[in-house]
> 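Before I ask anything, here is the structure I am working with.
Throughout, protein chains are lettered first and strands after them, A, B, ... in sequence-line order, and every chain is numbered starting at 1.
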Protein chains: 4
Amino acid sequence: MKGDGHLSPTDNVTIRRGRPVGDREARRIELLNAGVQVIAELGLGGASLRKVAKKAGYTTGAVTYYFANKEQLFAAIVEYMFQRFDEMLYAGEDIGDYRRRFEHWFDINADSFIWPAGFQLLTRARHDAELAAIYRDTYAQYRRITTRRIEAQQKSGTIRDDISAELLAEQIAALADGWAMMLPIEPDRFTPERVDRLLDALLRQMAPSRS
Amino acid sequence: MKGDGHLSPTDNVTIRRGRPVGDREARRIELLNAGVQVIAELGLGGASLRKVAKKAGYTTGAVTYYFANKEQLFAAIVEYMFQRFDEMLYAGEDIGDYRRRFEHWFDINADSFIWPAGFQLLTRARHDAELAAIYRDTYAQYRRITTRRIEAQQKSGTIRDDISAELLAEQIAALADGWAMMLPIEPDRFTPERVDRLLDALLRQMAPSRS
Amino acid sequence: MKGDGHLSPTDNVTIRRGRPVGDREARRIELLNAGVQVIAELGLGGASLRKVAKKAGYTTGAVTYYFANKEQLFAAIVEYMFQRFDEMLYAGEDIGDYRRRFEHWFDINADSFIWPAGFQLLTRARHDAELAAIYRDTYAQYRRITTRRIEAQQKSGTIRDDISAELLAEQIAALADGWAMMLPIEPDRFTPERVDRLLDALLRQMAPSRS
Amino acid sequence: MKGDGHLSPTDNVTIRRGRPVGDREARRIELLNAGVQVIAELGLGGASLRKVAKKAGYTTGAVTYYFANKEQLFAAIVEYMFQRFDEMLYAGEDIGDYRRRFEHWFDINADSFIWPAGFQLLTRARHDAELAAIYRDTYAQYRRITTRRIEAQQKSGTIRDDISAELLAEQIAALADGWAMMLPIEPDRFTPERVDRLLDALLRQMAPSRS
DNA sequence: AATGAATGAGTGTTCATTCAT
DNA sequence: GATGAATGAACACTCATTCAT
């Protein structure tokens with residue numbers, strides 16, 4: 001199992017004078033990673049601060065030192081997940097890139113546990129104001145960006161324009177959420193070929209209807 | 001608050017031979033209802049057998065008397081959710097009915113807490129073999145039925161046939177899951193008009209491309 | 001060490017049909033006793049539910065089963081203390097009884113730990129609304145009764161009437177509080193003879209000034 | 001909120017030889033002040049070194065740097081309280097001054113949190129040898145001084161001599177303790193007028209019985 | 001002199017579960 | 001059939017304290 005995916009702390013540790021401060025950020029990420037792994041292995045219900053600490057090789061107190069709350073640790077994980085998501089979102093420009101983006105996203109999911117873990121966390125959003133806010137903000141931003149992008153492609157004729165860009169954006173989001181939901185339960189159903197065909201179908205449905 | 005939706009216990013009491021066991025069934029359903037409500041109100045993490053018992057007006061012991069386990073209570077709730085889902089699935093026959101089906105499904109979600117509750121439960125499927133089995137079976141059946149139905153409509157020319165029926169079925173399922181995910185977090189985004197337009201878009205994407 | 005003083009549970013267990021219910025009250029008192037002892041031995045800061053449970057020979061969970069809260073356990077102890085106090089208050093009628101009352105009270109303090117324990121609890125009243133309420137109510141009642149009683153004795157000429165009955169009542173209360181404060185810290189200073197002389201002095205100061 | 005009353009650090013910095021240690025002393029007093037405030041606000045149970053440090057604007061480590069122990073910080077606070085008490089004790093000489101002394105003392109209590117805080121600390125004396133020693137020493141000294149003073153006034157005929165000076169001294173101490181106990185719980189009952197009447201009653205009881 | 005990271009024991013509390021009644 | 005007393009492990013969290021820097 002690798003499982004650490006893109007959660008590399010290394011970038012933050014630059015040369016500093018005096019006591020190392022970069023450590024703090026590095027430790028946080030270590031704990032974040034441990035949290036992701038524990039959630040992925042044991043599920044949300046089985047994820048306790050104790051177990052996160054143990055997985056990271058720290059004491060219980062260390063976790064609460066870096067994160068005031070369980071809630072805040074979890075919120076941090078979700079935020080991290082969305083940062084990955086954003087990177088994907090901003091890569092590429094035209095419609096063909098949708099395929100590349102989704103493939104990248106499926107890669108992340110296969111490679112790291114961050115998405116399944118964060119996604120489980122998201123189901124708590126209804127009862128956790130902080131998570132709900134993160135969720136809403138991220139989705140709002142996603143919708144804004146994607147809608148604008150689709151609009152551009154509708155104008156250039158690469159995406160059908162008989163459905164509003166905004167509806168298409170929302171549809172894609174829902175589709176991605178649904179896949180993220182299914183993925184950890186039936187991972188075998190998401191082979192690369194299958195993913196390819198799913199994306200094919202989606203792109204075909206978004207293509208301008210041929211005269 | 002109504003919130004009980006279609007969870008009426010009476011339907012389950014069919015004619016039986018021997019000692020009437022109807023009461024037993026009725027109690028079970030009462031507890032199921034209480035479980036759904038507690039999960040909907042407090043989230044999965046906040047749902048304890050104690051609270052379910054209290055909500056149903058029973059003692060703690062009663063819950064463990066009717067359900068050997070917390071797991072089994074939860075599995076029973078998910079099963080109940082899918083029974084509702086099935087009813088929706090079997091109603092209607094042709095493509096236009098998709099709209100009716102989804103509308104019906106959105107109604108259930110607005111009316112009762114069963115879907116949001118069961119859906120949260122589903123996120124545990126990865127770590128709960130029993131839930132995973134229920135999930136897989138239900139989805140397999142869904143795919144079988146829906147695929148066959150779409151194939152029929154593809155033949156009759158009411159659904160595009162350049163995408164395999166099976167892929168379309170899976171896509172619809174993912175879409176529904178994604179919506180079910182978003183619904184409890186941003187309920188305001190799912191007004192009847194909005195739902196109408198979302199369904200419109202979906203149907204248009206499934207329609208055969210005009211010659 | 002005796003330490004159980006007047007906290008006898010026996011009265012509550014009468015003959016009953018079916019499952020014994022009197023047990024409940026008896027267990028509560030057992031735990032109350034254990035709480036008193038732990039506070040007396042370890043101080044308020046050292047009194048944890050765990051230690052109370054252990055002292056009573058129960059598990060941790062049992063304590064929280066009988067008392068929803070640490071606060072409620074503590075409030076119950078204070079209430080118990082004041083019940084003892086009330087018994088003292090209602091015994092006897094005329095001024096000479098003050099001596100008997102105080103002697104009885106000093107006896108309780110020497111015999112059981114309930115007063116020192118409860119008294120320590122009282123210092124929390126400022127930050128614990130429930131305790132504060134108990135304190136205020138008890139003192140208000142004490143003042144009412146004692147004031148009325150002193151008034152009667154002022155009329156019959158056995159207590160000086162150049163100081164209002166109400167002020168004398170308050171003074172006695174403060175004096176008792178002060179003694180209760182000192183007692184656990186310097187117990188050696190409160191020998192029976194010394195107590196006698198302290199009471200003598202008090203009574204002399206309350207006596208009518210000779211013509 | 002003022003609340004710092006007489007806890008000004010400046011007074012303590014007297015002329016010293018060698019390296020100036022004034023800073024150190026000043027810091028100590030700052031932390032003492034913070035401790036008093038935290039105890040007054042949160043109660044003894046809620047007072048942690050962390051909170052004291054935060055209130056004073058220092059780091060956690062600083063507190064343990066200036067005070068080896070929590071116990072020692074607390075002991076220092078009690079000592080400080082008694083220094084204030086002593087100042088009161090030594091002011092004035094004859095019986096009329098009792099009123100002035102008590103008024104001064106009630107002023108301190110209304111003005112600063114030192115007495116309520118220190119008093120709460122005192123309840124720990126039973127289980128904290130250091131505190132107990134401070135308490136005993138202070139009271140012993142108080143008794144010595146006050147007894148001698150009352151004796152003098154008994155000789156001069158301004159205080160009744162049918163009760164021993166020592167008993168009167170102890171009585172006054174107990175009374176003051178009782179008031180200090182009640183004050184934080186029912187502050188509204190101690191208006192200046194009421195205090196006046198309480199002191200009146202006390203003085204009248206100490207006055208020589210009129211021929 | 002002072003910091004703040006880290007510890008690890010301990011807290012109150014909740015909980016699923018058991019079982020005599 | 002159903003209760004509810006009791007368990008004991010687990011939880012999130014707080015804390016006094018230590019110590020390298």
> In whole Å, what is the span from the CZ atom of B/Phe74 to the P atom of E/dT17?
10 Å
> Would you kindly compare A/Ala68 and C/Gly61 by the position of their nearest DNA chain F nucleotide and give the one closer to the 5′ end?
C/Gly61
> Start at the 5' end of DNA chain E and walk down; is the nucleotide closest to B/Gly46 or to D/Gly57 reached first?
D/Gly57
> Can you tell me if the side-chain N/O atoms of D/Asn69 get under 4.0 Å from OP1 or OP2 in F/dT17?
yes
> If you take atom types as modelled and just measure distance, does the side chain of C/Arg50 reach the base of E/dG12 with a donor-acceptor pair under 3.5 Å?
yes
> Calculate the interatomic distance between D/Arg28 atom CZ and E/dA2 atom P; express it in whole Å.
14 Å
> Specify the separation, in whole Å, of atom NZ of B/Lys54 and atom P of F/dA2.
22 Å
> Quick check: do A/Met81 and A/Leu122 have side-chain heavy atoms less than 4.5 Å from each other?
yes
> Side chain of D/Thr64: nearest nucleotide among F/dT17, E/dG12, F/dT14?
F/dT17
> Just to verify, what does D/Lys55 make a side-chain hydrogen bond (donor to acceptor under 3.5 Å, both in side chains) with, not counting sequence neighbours?
D/Glu41
> Got a sec, which residues hit side-chain hydrogen bond (donor to acceptor under 3.5 Å, both in side chains) with D/Tyr58, two or more places apart in sequence or on another chain?
D/Glu30
> F/dC11 phosphate, OP1 or OP2: any side-chain N/O from A/Ser48 under 4.0 angstrom?
yes
> From OH of A/Tyr58 over to C1' of E/dT7, roughly how many Å is that when rounded to an integer?
13 Å
> I need the B/Leu32 CG to B/Tyr66 OH distance, nearest 0.5 Å.
13.0 Å
> Measuring from the side chain of B/Thr59 (C-beta onward, heavy atoms only), which nucleotide among F/dG4, E/dT14, F/dT17 has the closest atom?
F/dG4
> Indicate every side-chain donor-acceptor pair of residues 68-76 of chain B with a distance under 3.5 Å to a residue at least two apart or in another chain.
unit_1, atom_1, unit_2, atom_2, d
B/Lys70, NZ, B/Ala47, O, 3.3

> Please report, rounded to the nearest Å, how far the C1' atom of E/dT17 is from the CD atom of B/Gln72.
14 Å
> For the pair made of CD in C/Glu71 and C1' in E/dT13, what is the distance, rounded to whole Å?
13 Å
> When you measure from the side-chain N and O atoms of C/Lys51 to the phosphate of E/dG10, is any distance below 4.0 Å, counting only OP1 and OP2?
no
> For D/Lys70 and A/Gly45, take the nucleotide of DNA chain F holding the closest heavy atom to each; which residue's nucleotide lies nearer the 5' end?
A/Gly45
> Is any side-chain N or O of B/Arg27 closer than 4.0 Å to OP1 or OP2 of F/dA2?
yes
> In whole Å, what is the span from the CZ atom of D/Phe67 to the C1' atom of E/dA2?
15 Å
> Sequence neighbours excluded, which residues qualify as side-chain contact (heavy atoms from CB on, under 4.5 Å) partners of C/Ala53?
C/Val63
> Looking only at the side chain of C/Thr60 (C-beta and beyond, no hydrogens), which of the listed nucleotides E/dT13, F/dT3, E/dT17 gets closest?
E/dT13
> Nearest 0.5 Å please: distance from the CZ atom of A/Arg24 over to the CD1 atom of A/Ile29.
12.5 Å
> Indicate, with a heavy-atom threshold strictly under 4.0 Å, whether B/Tyr66 touches base, sugar-phosphate, or nothing.
sugar-phosphate
> Sequence neighbours excluded, which residues qualify as side-chain contact (heavy atoms from CB on, under 4.5 Å) partners of A/Ser48?
A/Arg50, A/Lys51
> Starting at atom CG of B/Leu44, determine the distance to atom P of E/dC15, rounded to an integer number of angstrom.
13 Å
> Just to be sure I follow the notation: if a pair is Watson-Crick (purine N1 to pyrimidine N3 plus N6-O4 or O6-N4) or a G-U wobble (N1-O2 and O6-N3), each under 3.5 Å, what dot-bracket string does DNA chain E give, with | for pairs to another strand?
.||||||||||||||||||||
